[in-house]
Chemist: 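Sharing a structure, written as structure tokens. Questions coming.
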Amino acid sequence: MTHTVGILGATGAVGQRLIQLLDPHPDFEISALTASSESAGKPYRKAAKWRISTPIPESVAGITVAETDPDAIGDVDLLFSSLPSSVGERVEPAFCEAGYVVSSNSSNQRMAEDVPLVIPEVNADHLGLLEVQRDSRGWDGAMIKNPNCSTITMVPTLAALDTFGLSRVHVATLQAVSGAGYDGVTSMEIIDNAIPHIGGEEEKMESESRKLLGGFDGAELSMHDATVSASCNRIPTLDGHLENVWAETEEEASVEDAREALESYEGIDLPSSPDPLIEVFEEPERPQPRLDREREDGMQICAGGLRENETGLQYNCLAHNTLRGAAGASVLNGELLAKEGYL
Ligand code: 2RA
């Protein structure tokens, strides 16, 4: 069954990736696009400064951009939101109150106790929180969140290693400039530099990871009891968050044990090549995230560089931050909503 979808914040970096992923998707048909008031009323091809390697799909180029307002977009089965957090905080609940189902990449409400924060491979069972949400918020709609792109890059690998009882995690990230959006940090600003902080990023990784890895008993969530500490850096690469992880586990885990756990985990690849960046980042022609299909290039999470030392396991993980980490994450959550009958 094909579901009609809309995109809130369709002209930004993640909004454009959402269009790239949703246009070829067999389960979704884009029928509404919203952006700022300045863009409203224009055909999409005139409203967006398109910056993706694949051209604006013809099916989208002529859609008239609407105001980001529940009264402006008509009936769609599902909304994908890539709104800035400050706008999403105000606008997303209004869409849920109007009865829309929202799959959001926007960082507001991710830690709310009645909002499912989901990576389908890790904690699809947390979707049951939507029943709690409808009771607590009294709305007919629903809101599901995907985590921060740097969190998504790491947490599936932690979930794989949690089989040995995760107790303590340290992570240092090397994050691409596209994570800051088209008008954030430009690669020219940091062409020969690295920026040792990304506002609020560490706190997001530390709290979101524990929520994602925590349990859900059908009524409330429990946070995972591992401690997580993060240090986040911006480096002059265009796409791709690379992360160095140190993971301590209660049970002894060798490199072989860890490799086996990672290799057998849904959506994680251990690339054979010594340079996963090259193997993963051939810009995919038409990436299509599908829960039930082999990951296309740009949608897998890579892990490698496994080492064991006296503090435990050390390894690297890598993901395309806008394809897998932001837009793709929202699309996979949209697929899960459809699969579980919420659309
Ligand atoms: C970043 N993870 O990389 C943040 C938001 N996309 O800037």
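Counting convention: from 1, in listed order, for ligands and their atoms alike. Only this structure's heavy atoms are used, side chains among them; waters, hydrogens and symmetry mates stay out.
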Chemist: Give a yes or no on whether E260 atom CD has more than 12 heavy-atom contacts from other residues, nucleotides or ligands under 6.0 Å away.
Modeler: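 12 or below, so no.
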
Chemist: Checking R134 side chain against G141 main chain: does a donor-acceptor pair fall under 3.5 Å?
Modeler: yes

Chemist: For Q175, is at least one N or O under 3.5 Å away from an N or O on ligand 1?
Modeler: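 So ligand 1 has an N or O lying under 3.5 Å from an N or O of Q175.
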
Chemist: Determine whether more than 12 heavy atoms belonging to other residues, nucleotides or ligands lie under 6.0 Å from atom CZ of R137.
Modeler: yes

Chemist: Considering only heavy atoms of H241, which atoms of ligand 1 have at least one such atom less than 4.0 Å away?
Modeler: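 Listed by number with element: 3 (O).
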
Chemist: Please determine if E201 and R234 form a salt bridge, counting it only when a charged side-chain N lies under 4.0 Å from a carboxylate O.
Modeler: no

Chemist: Provide, to 0.1 Å, the distance between atom 2 (N) of ligand 1 and the closest protein heavy atom, together with that atom's residue and name.
Modeler: E201 OE2, 2.6 Å

Chemist: Pairs of nitrogen or oxygen atoms closer than 3.5 Å, one from G179 and one from ligand 1: do any exist?
Modeler: yes

Chemist: Is K204 touching ligand 1 with its side chain, its backbone, both, or neither, if touching means heavy atoms under 4.0 Å apart?
Modeler: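 Under 4.0 Å from ligand 1, K204 contributes no heavy atoms.
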
Chemist: Treating S231 as the side-chain partner and A172 as the backbone partner, does any N or O pair qualify as donor plus acceptor under 3.5 Å?
Modeler: no

Chemist: In ligand 1, which numbered atoms sit nearer than 4.0 Å to a non-hydrogen atom of N148?
Modeler: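 Close to N148: 2 (N), 4 (C), 5 (C).
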
Chemist: Counting from 1, what ligand 1 atoms have a heavy atom of C149 closer than 4.0 Å?
Modeler: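 In order of number, 2 (N), 3 (O), 4 (C), 6 (N).
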
Chemist: Can you label the angle between the F28 ring and the H3 ring as parallel, tilted or perpendicular, going by 30° and 60°?
Modeler: tilted

Chemist: Among all protein heavy atoms, pick out the one at the shortest distance from atom 7 (O) of ligand 1; state its residue, atom name and that distance to 0.1 Å.
Modeler: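 Of the protein heavy atoms, R234 NH2, 2.5 Å lies nearest.
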
